[in-house]
Asks: 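Provided herewith is a single structure, encoded as structure tokens, for subsequent inquiry.
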Number of protein chains: 2
Amino acid sequence: MSETMPPTRPGPNLSRIATSLGVSVATVSNALSGKGRVSEQLAERIKEHAAELGYVPSQAGRALRTGRSGVIGLVLPDIANPLFPKLAQAIEFAASAAGYGVLIADSRGDVATQTEAINRLIERGVEGLVIVPRRATRISAAACPVAVIDTGSTPGNTVAADHMQGGWAIANHLAELGHRRVLIIGNNPGSNVQNDRAGGVRSGLRPGMSSATLWIETLERQGGSGCSLGLAEKVREGYTAFAALSDLQALRALTELQRDGIDVPSMASVTGFDDLIWSPVITPSLTTVAMDMHTIAEIAISSLLQTIKTRGSREGVLVTSETDRVPMQLIVRQSSGPADPTRIS
Amino acid sequence: MSETMPPTRPGPNLSRIATSLGVSVATVSNALSGKGRVSEQLAERIKEHAAELGYVPSQAGRALRTGRSGVIGLVLPDIANPLFPKLAQAIEFAASAAGYGVLIADSRGDVATQTEAINRLIERGVEGLVIVPRRATRISAAACPVAVIDTGSTPGNTVAADHMQGGWAIANHLAELGHRRVLIIGNNPGSNVQNDRAGGVRSGLRPGMSSATLWIETLERQGGSGCSLGLAEKVREGYTAFAALSDLQALRALTELQRDGIDVPSMASVTGFDDLIWSPVITPSLTTVAMDMHTIAEIAISSLLQTIKTRGSREGVLVTSETDRVPMQLIVRQSSGPADPTRIS
DNA sequence: CTGAAAGCGCTTACAG
DNA sequence: CTGAAAGCGCTTACAG
């Protein structure tokens, strides 16, 4: 007789509970899952005993039987980018609330790594995927439902912040303060997000206002900030508002202006995007516009789970949502106080 | 006859490959896992066919049989805290390299949530856990091996950055520059990490140098930075060096000094901790000290997997490591240039 | 209301 | 070198 001995979990299983109580595993299963096929009394007794024994259901067994792993995958281009942690947190929160686990994968900005990461997650049996694609990547249907979170301009997007509207809100704010010349500062002319934001700013300018756009190079990590952006000069040219397309560049602009003796906000305004963690902390604190990560995550997860529920988890479809652009919220702080051109040297 | 129909995966399984090739599933399994019990030729043929069919092994089936899920859990107190994304990235990288998936859980700074998160991960069948504990939490043995990453002062720690040594490096650097009065700036006198860092700074002072410590209150997120730290006054009192216990506070100090007309680094030096993303970008860029997240993650993961391998994944032990304190690396940038007291008003 | 049985996909000890 | 069989823990359709 050929016998085999797969490893046993040390914890109790349904069978242990069943024999110890003199009932069948089916009944224990039904009692614990609360499907109501078991008498009130017996169910109570079983639950009690299970708790006593410290029973933990085996996800592996359940997954094998039901075909549902209870896990989704989250693919990010770079967790270390300060934009993504908040999103990851919101996704994890929304997924947990729906009873799902979250497997993460960092594609490290590389397209090949991204593909590989997606495959690894699928091998691990995720029921669906939330992907924040690497810039300019088009996610072709994977082997499971996929919710894409990207800028609104990308086709196949499930949900995104409304970057255009965010830019508009910034411009509107600057207009109200009486600014006339706005310098838009970005670092990546090829980025959809930055272009949407810049376009939004321009669309919010009013008659009599003008803007120019400065694309600065991203500094190498260890490169230091030796090279000046020449913003003090821009102030002398008549620019009173600096609308950076991300808080990081706003911070760079702000510290450079301060170093060069331009007082913010009395002599010039600086605004950012994203409301990163330090935005309220710096002096003066930064006026910015924030994505509603909570809502974005909520929409992505609920659309994804909806699709999984209706079409199964093995069909490679791009999830859609009714609301695919979530408004950004203007956060007014001190750095964009009233412009006062008289104080400009 | 009672028949049942568990859902079938749409993809091919071992059995499909086996029948399609006229061999047994055992042989297919052996061929694909490369255990060498199959003839070279046949193995090749099987692998080819499997690839053609796009075979993806079922983790659920494998996990159920072997008792190994191939997944570990990562519990963080707050992913949105700028300190953790880099660590999460490094952990994910190290785990992937070892063939493991990473389930994340954010305890949102709450002890109850942390416990709950740990339980959820265990229910999901993780083989081990990497926990960055919420401040002052003692991780009592869970139901699986646990690697704790925390400050070195905590017992039961697997690996940590050597915060004391980092502080020492900062003080040493300031001493070399000729500073005599150092103001240490922290925001949490109850934090082990901050105390280690502050202690390190003090331990690195040389004869003739002195320090004081300023504990500032953490600002409410939306509170703005209305309240000044009064650092300009400190400069007048003779402090020339400001050693913040995190980059966030260094940034606050730097922007306040600049606003108040104190030029950094010519009139005062500012240093930080952690080398957050914006540290090289600000003007002047920030001298700081960085944790070696890569090494920390490497040690945590390899110790954890070692423990899993030798003691199994169902015993709740705290993992230990030989090297439990990883040195921090000083990164000198412009904000800590030479002190020049003559220019102080 | 309760139980016996099948089977999800895999790996492994054993027989041939 | 290859195959038949058992069994990991679970859920579900069916019989009683």
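Note on naming: letters A, B, ... go to the chains in the order of the sequence lines (proteins, then strands), and numbering restarts at 1 for each one. The structure displayed is predicted, hence computed values, not measured ones.
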Asks: Is A:Ala26 touching bases, backbone alone, or none of the nucleic acid, heavy atoms closer than 4.0 Å?
Replies: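 Base, at least one base heavy atom under 4.0 Å.
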Asks: Hey, which of these two, B:Thr27 or A:Val25, hits DNA chain D nearer its 5' end, going by closest nucleotide?
Replies: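 Whichever sits nearer the 5' end wins; that is B:Thr27.
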Asks: How many whole angstroms separate atom CZ of B:Arg65 from atom C1' of C:dG9?
Replies: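 After rounding, the reported distance stands at 11 Å.
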Asks: Check this for me, if you would: do A:Arg311 and A:Glu127 make a salt bridge, where the nitrogen-to-carboxylate-oxygen distance has to be below 4.0 angstrom?
Replies: no
Asks: Is B:Val75 close to B:Val132 at the side-chain level, that is, under 4.5 Å between some pair of heavy atoms?
Replies: no
Asks: Do the side chains of B:Glu40 and B:Lys47 get close enough for a salt bridge, i.e. N-O under 4.0 angstrom?
Replies: no
Asks: Rounded to the nearest Å, what distance is computed from the CZ atom of residue A:Arg16 to the P atom of nucleotide D:dC10?
Replies: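 Those two atoms, CZ and P, are 11 Å apart.
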Asks: 5'-most contact on DNA chain D: B:Glu40 or A:Ala60, nearest heavy atom basis?
Replies: B:Glu40
Asks: If I take atom CD in residue A:Gln59 and atom C1' in nucleotide C:dC8, what distance separates them, rounded to the nearest angstrom?
Replies: 15 Å
Asks: If you count every heavy atom of other residues, nucleotides or ligands that lies below 6.0 Å from A:Arg68 atom CZ, does the total exceed 12?
Replies: no
Asks: Taking A:Thr113's backbone N and O only, do any of them form a donor-acceptor pair with A:Ser107's side chain (distance below 3.5 Å, no angle check)?
Replies: no
Asks: When the distance from CG of A:Leu64 to P of C:dT11 is rounded to whole Å, what number comes out?
Replies: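 So the CG-P distance, A:Leu64 to C:dT11, works out to 12 Å.
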Asks: For B:Ser24 and D:dG3, is the shortest distance between a side-chain N/O and OP1 or OP2 below 4.0 Å?
Replies: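 For D:dG3, OP1/OP2 do have a side-chain N/O of B:Ser24 under 4.0 Å.
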Asks: Between atom CZ in A:Arg68 and atom P in D:dC10, what is the gap in whole Å?
Replies: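 Going from CZ in A:Arg68 over to P in D:dC10 covers 18 Å.
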Asks: I need the B:Thr158 OG1 to B:Ile131 CD1 distance, nearest 0.5 Å.
Replies: 9.5 Å
Asks: When you measure from every atom of DNA chain C, which of residues 41-57 of chain B have a heavy atom less than 4.0 Å away?
Replies: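 B:Tyr55, B:Pro57, in order of number.
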Asks: Between atom CG in B:Leu21 and atom P in D:dG3, what is the gap in whole Å?
Replies: 10 Å
Asks: Among B:Val28, B:Leu21, B:Thr27, exactly one meets side-chain contact (heavy atoms from CB on, under 4.5 Å) together with B:Leu42. Which residue is that?
Replies: B:Thr27
Asks: Quick check on D:dT11: is either OP1 or OP2 less than 4.0 Å from any side-chain nitrogen or oxygen of A:Arg62?
Replies: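 The answer is yes; a side-chain N or O of A:Arg62 sits under 4.0 Å from OP1 or OP2.
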Asks: Can you tell me if the side-chain N/O atoms of B:Thr66 get under 4.0 Å from OP1 or OP2 in C:dT11?
Replies: no
Asks: Just how far, in rounded Å, is C1' of C:dT11 from CG of B:Leu14?
Replies: 9 Å
Asks: Which heavy-atom pair separates B:Cys144 from B:Gly128 by the least distance, and what is that distance?
Replies: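 For B:Cys144 versus B:Gly128, the nearest heavy atoms are SG-CA, 3.9 Å.
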Asks: Is any side-chain nitrogen or oxygen of B:Ser39 closer than 4.0 Å to OP1 or OP2 of D:dT2?
Replies: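 For D:dT2, OP1 or OP2 has a side-chain N or O of B:Ser39 closer than 4.0 Å.
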Asks: Checking the side chain of A:Arg124 only, and the main-chain atoms of B:Gly70 only, is there a donor and an acceptor separated by less than 3.5 Å?
Replies: yes
Asks: Could you check whether any side-chain heavy atom of B:Ile296 comes within less than 4.5 Å of a side-chain heavy atom of B:Ile149, counting everything from C-beta outward?
Replies: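 Contact flag for B:Ile296/B:Ile149 side chains = yes.
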Asks: What's the CG-C1' distance between B:Asn30 and D:dC1, to the nearest Å?
Replies: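 Rounded to whole Å, this separation is 10 Å.
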Asks: Which ranges of DNA chain C pair up as stems, where a stem means three or more consecutive Watson-Crick or G-U pairs with both distances under 3.5 Å?
Replies: C:1-3 with D:14-16, C:5-12 with D:5-12, C:14-16 with D:1-3
